[in-house]
*Asks:* 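Next up is a structure, given as structure tokens.
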Amino acid sequence: MPTNGNSCQIHSNGAEVSPLEAVELYRFFHSGDDETAALRGVSLRLRAGEFVTLMGPSGSGKSTLLACLAGLDEPDGGHVEVMGLRMSRRSEAARAALRARHIGILMQSGNLFEHLTVEANMRLQMSLSGQSDQRTIDHLLEVMGLTRQRRAYPSQLSGGEAARAGLAVALSSNPQVLLADEPTAEVDAVTEASILNHLMERCRAGGAVLIATHSMAFTSHADRLLHIRDGRITHA
Ligand code: ADP
């Protein structure tokens, strides 16, 4: 669980530091003469302990937004702050260090090293933030319904198992902020409930969660629903 010790930091001006804040994000992609505006001025702020879901049709900008929030991609305009520290327009090394310390991220693909087992992927992620704890690994594998797959390589997992393994990796460093893109596709209701319970427990302990999902189970338990369309948050 995130420790409450740093879940509610206070600025010197007395304001509460947000675990994650995005200000006026813009992101454009170019292909020949074509320009796609994937993000058009997205601003959002997560509070410590908040469970927020992000919904929008395919192509609306969800993955681009999550990548920019995690510092995996750089916005063309605007900026992201993590725990009050600027993420955007810093060196790749600085962004990676901030991410390792504060953010767990599950993208649609590329979450696992192919040459490592599920458990070894988790162990590696933990070590990046200076941690090592077998009990956390065992617990997360159980939550994700992946205990039997702990020694499997990514190529041996189904799509749904790979997503849940990626989520286990994202959570293994006990991050203050979890960002996840459709973590529960192809999952049975019991495992989905187990994952939801775990995430809500993290929020009760002060963690912040932002999940792109259409799962009714998740949206019905969210503190807030964000909708994105054509690169804009349409209602929050
Ligand atoms: P979503 O996750 O909601 O499906 P995306 O963030 O993947 O949406 O995409 C938003 C828009 O940006 C889409 O029109 C998509 O085609 C475009 N896009 C995303 N990534 C790239 C890229 N690397 N190159 C070109 N266009 C991209």
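Computed from a predicted model, the values in this text were never measured in an experiment. Whatever order the structure lists ligands and atoms in, that order sets their numbers, starting from 1.
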*Asks:* Could you give me the CA-CA distance, side-chain angles and deciding distance for Ser173 and Gln131, then say whether side chain to side chain contact (heavy atoms under 4.5 Å, CB included) is met?
*Replies:* CA-CA 7 Å; Ser173 57; Gln131 302 176 54; 4.1 Å; yes
*Asks:* Looking at atom 5 (P) of ligand 1, would you say a protein heavy atom lies below 4.0 Å from it?
*Replies:* yes
*Asks:* Can you find a side-chain donor-acceptor pair between Glu182 and His214 that sits under 3.5 Å?
*Replies:* yes
*Asks:* Mind checking whether Met122 and Thr136 have side chains closer than 4.5 Å, heavy atoms only?
*Replies:* no
*Asks:* Looking only at protein heavy atoms, identify the closest one to atom 15 (C) of ligand 1 and say how far it is in Å.
*Replies:*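 Going atom by atom, the protein heavy atom closest to atom 15 (C) of ligand 1 ends up being Thr36 CG2, 4.7 Å.
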*Asks:* Does the protein place a non-hydrogen atom closer than 4.0 angstrom to atom 13 (C) of ligand 1?
*Replies:* yes
*Asks:* Hey, is Gly56 one of the residues with a heavy atom under 4.0 angstrom from ligand 1?
*Replies:*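 No; Gly56 lies far enough from ligand 1 that no heavy-atom distance drops under 4.0 Å.
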*Asks:* Once the angle between the rings of Phe113 and His115 is folded into 0 to 90°, is it parallel (under 30°), tilted (30 to 60°) or perpendicular (over 60°)?
*Replies:*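 Plane angle over 60°, so perpendicular.
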*Asks:* Is it true that Glu119 and Gln149 share a donor-acceptor pair across their side chains at a distance under 3.5 Å?
*Replies:*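 Judged by distance alone, the side chains do not pair up.
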*Asks:* With heavy atoms of Pro57 as the reference, note each atom of ligand 1 found under 4.0 Å away.
*Replies:* 3 (O)
*Asks:* Students should be able to answer this: which protein heavy-atom is nearest to atom 7 (O) of ligand 1, and at what distance?
*Replies:* Ser63 CB, 3.8 Å
*Asks:* So which bit of Thr64 gets within less than 4.0 Å of ligand 1, heavy atoms only: side chain, backbone, both or neither?
*Replies:*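 Within the 4.0 Å criterion, Thr64 contacts ligand 1 through backbone and side-chain atoms alike.
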*Asks:* side-chain contact (heavy atoms from CB on, under 4.5 Å) with Ala217: which residues, sequence neighbours excluded?
*Replies:*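 Here the qualifying residues are Glu192, Leu196, Ser215.
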*Asks:* Is any NZ, NE, NH1 or NH2 atom of the basic residue among Arg99 and Glu92 found under 4.0 Å from an Asp or Glu carboxylate oxygen of the other?
*Replies:*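 Glu92 and Arg99: salt-bridged.
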*Asks:* Assess Ser31 for proximity to ligand 1: is some non-hydrogen atom of it under 4.0 Å away?
*Replies:*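 No, Ser31 has no heavy atoms under 4.0 Å from ligand 1.
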*Asks:* Hey, does Lys62 come in under 3.5 Å of ligand 1, counting only N/O atoms on both sides?
*Replies:*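 Right, the criterion is met.
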*Asks:* Taking both backbone and side-chain atoms of Ala38, is any N or O found less than 3.5 Å from an N or O belonging to ligand 1?
*Replies:* no
*Asks:* Counting both backbone and side chain atoms, is some N or O of Gly59 under 3.5 Å from an N or O of ligand 1?
*Replies:* yes
*Asks:* Taking atom CE of Met55 and atom OG1 of Thr234, what is their separation to the nearest 0.5 Å?
*Replies:*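 It is 9.0 Å, given to the nearest 0.5 Å.
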*Asks:* Identify, by atom number and element, the atoms of ligand 1 in contact range of Ser60, meaning under 4.0 Å from any of its heavy atoms.
*Replies:* 1 (P), 3 (O), 8 (O)
*Asks:* In terms of residue, atom name and distance, what is the protein heavy atom nearest to atom 25 (C) of ligand 1?
*Replies:* Phe29 CB, 3.3 Å
*Asks:* How about Tyr26 and Leu39: do any of their side-chain heavy atoms sit closer than 4.5 Å?
*Replies:*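 A side-chain contact under 4.5 Å is absent here.
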*Asks:* Ion pair present between Asp73 and Arg27, side-chain N to carboxylate O less than 4.0 angstrom?
*Replies:* yes
*Asks:* Among all protein non-hydrogen atoms, which one is nearest to atom 8 (O) of ligand 1, and what is the separation to 0.1 Å?
*Replies:*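 Checked against all protein heavy atoms, atom 8 (O) of ligand 1 sits closest to Gly61 N, 3.2 Å.
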*Asks:* Is it the side chain (CB and beyond), the backbone, both or neither of Ala212 that lies under 4.0 Å from ligand 1, heavy atoms counted?
*Replies:* neither
